[in-house]
Amino acid sequence: MKKLTLGLVAASAAGALLLTGCSSSDRTDSTSSSTESASEAAGFAADATIGVALPQKTSENWVLAEDLFNTGLADAGFNPIVQFANGGVTEQQNQISAMIEQGAKVIVVGAIDGSQLGTQLEAAAADGIKVIAYDRLVKNTEAVDMYVAFDNYQVGVLQGTALLQGLAERKGDGPYNIELIAGSPDDANATPFFLGAMSVLQPKIDDGTLVVVSGQTSFEEVATQGWKAENAQKRMDTVLAGFYTDTELDGILSPNDTLGRAAMTAVAQAGKETPVVTGQDSEVESVKSIMAGEQYSTIYKDTRELVAQTIKEITLLQQGQDPEINDTESYDNGVKIVPSYLLTPLIVTKDNAATVYANDTTLFPLTQG
Ligand code: BGC
């Protein structure tokens, strides 16, 4: 697979998980002292406060994470402070500052805007607080100790692959008319999702198999501010009215389920046949749609696995041990390559949904007719 190193982030999809290595030699908390008990000596107290700063509720995975962090951290003996920042970046900055004030030993950050938290995270680092970027990378600061996420570039690769597979299955022979949608430009994930997908789709655009009828192929043109469904729907309305009055639209690359469903609504309202639409997150409504033969695909990133790995890392830090790292080359945040633990995302279509969701008590029943 070709590896792209465009902008700040690139992840080698297949190679990432094969790499191991530990980058962090400096994991001893500065607050340790000889008066602490043996179990706390190298890390921090076993009942320490842990801050978790989540973004807005732009998809179901974040809502699931809130609950899982509260329960999982409490079960591990910690005192969790888990907060959403529905009001935006300033609210998230204030929440992180408050977590520092409240004596958090680790702050887990799902950033709204990955490049707007430098001041707060540097203050955290100055206090000896460990910072874990969760799901979304934190950019342009040294003050991030590690990154725990599903491999975002690979998510994009799978989405591009699914689109091609769905077109061949459902739309006969090409060439195929498609449109592209990307995520929110402030989210550090939106770029690797798009680059991963384009690594698969661009050669097919170049050889004429795929035709982007609107001509809108740059990230800037296809991005969706705030990951908001209404923004994606509005753009699709405009594209359909401008370019598809007497042409069929065969496929839509959508970076997640919420935007995919919004795009499908726009297409239905324009009175057109359902195109092949990709997604991500395995949201309940989209899994139902996939099983009904509408949305073509989604991606499974089991939030339980991601939160569990993050809590495992926190526990290692608490014990004064090195965190678990399996990638030390893929996620460059602009000032350093952030040591990462990357999980593997899975592609889901109607054909494999029951197998992929076999251990998911919410999603598996949806696959059973
Ligand atoms: C997450 C996706 C999610 C999107 C919108 C991204 O950062 O990785 O899973 O769909 O945010 O909430």
Side-chain angles (χ1 to χ4, degrees), residues 8-9 11 13 52-66 68-69 84-86 88-89 92 108-117 132-139 147-159 162 181-197 219 222-233 252-263 277-287 295 297-307 309-310 330-331 333 338 340-348 363:
L8 296 173
V9 181
V52 181
L54 297 174
Q56 288 118 333
K57 299 181 183 178
T58 42
S59 45
E60 276 172 19
N61 55 314
W62 298 109
V63 180
L64 290 173
E66 177 188 30
L68 290 164
F69 271 120
F84 278 102
N86 288 312
V89 172
Q92 189 164 53
V108 175
V109 188
I112 296 173
D113 184 331
S115 50
Q116 298 288 326
L117 299 176
I132 301 178
Y134 169 84
D135 187 281
R136 299 176 173 180
L137 191 58
V138 172
K139 298 198 289 196
Y147 182 40
V148 184
F150 281 88
D151 188 340
N152 300 301
Y153 185 84
Q154 177 65 4
V155 167
V157 169
L158 294 177
Q159 289 170 332
I181 301 175
S184 189
D186 48 4
D187 174 1
N189 284 355
T191 303
F193 292 157
F194 188 67
L195 292 179
F219 178 80
V222 305
T224 308
Q225 196 60 49
W227 286 100
K228 287 205 172 106
E230 72 227 45
N231 292 341
Q233 194 171 329
I252 300 177
L253 172 79
S254 168
N256 80 356
D257 287 346
T258 306
L259 304 188
R261 294 196 305 274
V277 177
T278 64
Q280 167 175 206
D281 294 330
S282 295
E283 295 199 337
V284 168
E285 282 313 307
S286 283
V287 173
Q295 184 174 325
S297 65
T298 186
I299 301 287
Y300 191 41
K301 303 190 302 184
D302 189 343
T303 305
R304 295 169 305 176
E305 217 188 311
L306 190 59
V307 170
Q309 183 64 36
T310 309
S330 297
Y331 284 86
N333 82 343
V338 182
S340 304
Y341 192 93
L342 301 179
L343 298 164
T344 308
L346 299 173
I347 197 165
V348 187
L363 300 179

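This chain uses plain numbering: 1 for the first residue, then up along the sequence. Ligands are counted one by one from 1 in listed order, and the atoms in each one are counted from 1 as well.
When each atom of ligand 1 is checked for a heavy atom of Asp187 under 4.0 Å away, the hits are 6 (C), 7 (O), 11 (O). Taking every non-hydrogen atom of Ser59 and a distance limit under 4.0 Å, the qualifying atoms of ligand 1 come out as 3 (C), 4 (C), 5 (C), 10 (O), 12 (O). Residue contact check: Lys301 has heavy atoms under 4.0 Å from atoms 1 (C), 2 (C), 8 (O), 9 (O) of ligand 1. With ligand atoms numbered from 1 in the order given, ligand 1 contributes 9 (O) to contacts under 4.0 Å with heavy atoms of Gln280. Annotation for ligand 1: atoms under 4.0 Å from non-hydrogen atoms of Arg136 are 4 (C), 5 (C), 6 (C), 7 (O), 11 (O), 12 (O).
Only one option out of Thr310, Val52, Val307, Leu306 pairs with Leu68 in a side chain to side chain contact (heavy atoms under 4.5 Å, CB included); it is Val307.
Looking at Trp62 against ligand 1, only its side chain comes within 4.0 Å, counting heavy atoms. Using a 4.0 Å cut-off between heavy atoms, Phe193 contacts ligand 1 through its side chain alone, with no backbone atom that close. Only the side chain of Asn189 comes within contact range of ligand 1, with a heavy atom under 4.0 Å; no backbone atom does.
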TODO: Please test Gln159 against Thr278 for side chain to side chain donor-acceptor pair (under 3.5 Å), starting from the C-alpha separation and ending with a verdict.
DONE: CA-CA 6 Å; Gln159 289 170 332; Thr278 64; 5.3 Å; no
TODO: Using the side chain to side chain donor-acceptor pair (under 3.5 Å) rule, take Ser59 and Glu283 through it: C-alpha gap first, then chi angles, then the decisive distance, then the call.
DONE: CA-CA 8 Å; Ser59 45; Glu283 295 199 337; 4.6 Å; no
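The shortest contact between atom 8 (O) of ligand 1 and any protein heavy atom is with Asp135 OD1, 2.7 Å. What sits closest to atom 9 (O) of ligand 1 on the protein, heavy atoms only, is Asp281 OD1, 2.6 Å.
From Tyr134, atom OH reaches atom OH of Tyr147 across 11.0 Å, with rounding to the nearest 0.5 Å.
For the residue pair Trp227 / Asp187, a side-chain donor-acceptor distance below 3.5 Å is found, with atom types taken as modelled.
Remark: side-chain polar atoms of Gln92 are paired, donor with acceptor, to backbone N or O of Ile112 under 3.5 angstrom.
Using a 4.5 Å heavy-atom threshold, the side chains of Asp257 and Gln295 count as touching.
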